Amino acid sequence: MRGSIWIKLAVLYLIFGICVGLFMSMTLKLQWGSAHAHVNLVGFATTAIFGVIYSLYPRAAINSLGKTHFWLHQLGVPVFLLSAFLVQVPGMLDTAHIFTYLGGGAFLLGNILFIINAFKNINESNISRKSL
């Protein structure tokens, strides 16, 4: 998937992260701090960084490794982030762990595919001259 799609999705995580932070501030429900940080780092920052990389190296974005990475990331991260919130809900710890392993596992597998893709397809000859 194109880098621009990654960046647009990252912006949605940024907005959600800001809303969680504002909610925490208004209600003093500071126990959500870990979930808030994960939304901003795993959701916004990693998604945006992948978007920038794939914008600079569009061939890496459109091959099968890049496409599979996209779907594992976009399906895994929301499930993982849900687990970051569920751990704070009484009686939901076991369910939260299931979501952590499912979502976090998809996120991990996607990142492994990204690493392989980076070593195979990210080099000076593949950089997009339009992006510079």
Side-chain angles (χ1 to χ4, degrees):
M1 295 297 194
R2 294 185 327 265
S4 61
I5 294 171
W6 284 86
I7 293 168
K8 289 173 184 175
L9 291 168
V11 170
L12 297 177
Y13 284 115
L14 176 63
I15 293 166
F16 181 59
I18 291 168
C19 289
V20 172
L22 290 172
F23 168 79
M24 288 171 47
S25 179
M26 289 186 298
T27 62
L28 296 177
K29 302 271 186 195
L30 303 179
Q31 72 268 24
W32 301 104
S34 176
H36 170 63
H38 279 85
V39 168
N40 287 314
L41 292 174
V42 176
F44 171 66
T46 60
T47 306
I49 290 168
F50 289 136
V52 170
I53 292 168
Y54 285 135
S55 292
L56 289 171
Y57 299 95
R59 281 192 230 161
I62 61 172
N63 66 34
S64 61
L65 287 169
K67 290 177 182 177
T68 305
H69 173 219
F70 175 84
W71 287 110
L72 286 169
H73 185 91
Q74 302 310 329
L75 295 172
V77 169
V79 172
F80 172 73
L81 293 177
L82 178 60
S83 76
F85 287 94
L86 286 178
V87 297
Q88 296 299 324
V89 177
M92 293 299 292
L93 190 58
D94 291 337
T95 303
H97 284 136
I98 293 168
F99 283 114
T100 298
Y101 298 132
L102 290 174
F107 180 66
L108 174 63
L109 182 56
N111 280 292
I112 291 168
L113 294 180
F114 172 75
I115 292 165
I116 294 167
N117 196 8
F119 278 96
K120 288 178 71 173
N121 297 300
I122 294 179
N123 55 56
E124 290 303 315
S125 66
N126 288 338
I127 196 164
S128 171
R129 302 297 174 204
K130 293 191 304 190
S131 301
L132 300 178

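Just so it is clear, the structure is predicted and the values come from calculations on it, not from any experiment.
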Exercise for review: Is it possible for you to say whether Tyr54 and Tyr57 belong to one hydrophobic cluster, with membership spreading through side-chain heavy-atom contacts below 4.5 Å?
Suggested key: yes
Only distances under 3.5 Å count here; give the side-chain donor-acceptor pairs of residues 3-30 to other protein atoms, sequence neighbours excluded, each with its distance to 0.1 Å.
from  : atom 1 : to    : atom 2 : distance (Å)
Thr27 : OG1    : Phe23 : O      : 2.7
Thr27 : OG1    : Lys29 : N      : 3.3

Would you list the atom pairs, donor with acceptor, under 3.5 Å between side chains in residues 76-90 and any protein atom, with sequence neighbours excluded?
from  : atom 1 : to     : atom 2 : distance (Å)
Ser83 : OG     : Phe80  : O      : 2.5
Ser83 : OG     : Thr100 : OG1    : 2.9

Review point. Can any side-chain N or O of His69 pair as donor or acceptor with the backbone N or O of Leu65 at less than 3.5 Å?
Key: no
Anything under 3.5 Å between a donor and an acceptor, one on a side chain of residues 40-51, the other on a protein residue two or more places apart or in another chain? List them.
from  : atom 1 : to    : atom 2 : distance (Å)
Asn40 : ND2    : His36 : O      : 3.1
Thr46 : OG1    : Val42 : O      : 2.3
Thr47 : OG1    : Gly43 : O      : 2.5
Thr47 : OG1    : His73 : NE2    : 2.7

Side-chain donor-acceptor pairs of residues 113-123 under 3.5 Å, sequence neighbours excluded:
from   : atom 1 : to     : atom 2 : distance (Å)
Asn117 : OD1    : Asn63  : ND2    : 2.9
Asn117 : OD1    : Asn121 : ND2    : 2.6
Asn117 : ND2    : Ala60  : O      : 2.8
Asn123 : OD1    : Ser125 : N      : 3.1
Asn123 : OD1    : Ser125 : OG     : 2.6
Asn123 : OD1    : Asn126 : N      : 3.2

Practice item. Any chance you could measure Tyr101, atom OH, to Ile98, atom CD1, to the nearest 0.5 Å? Key: 10.0 Å
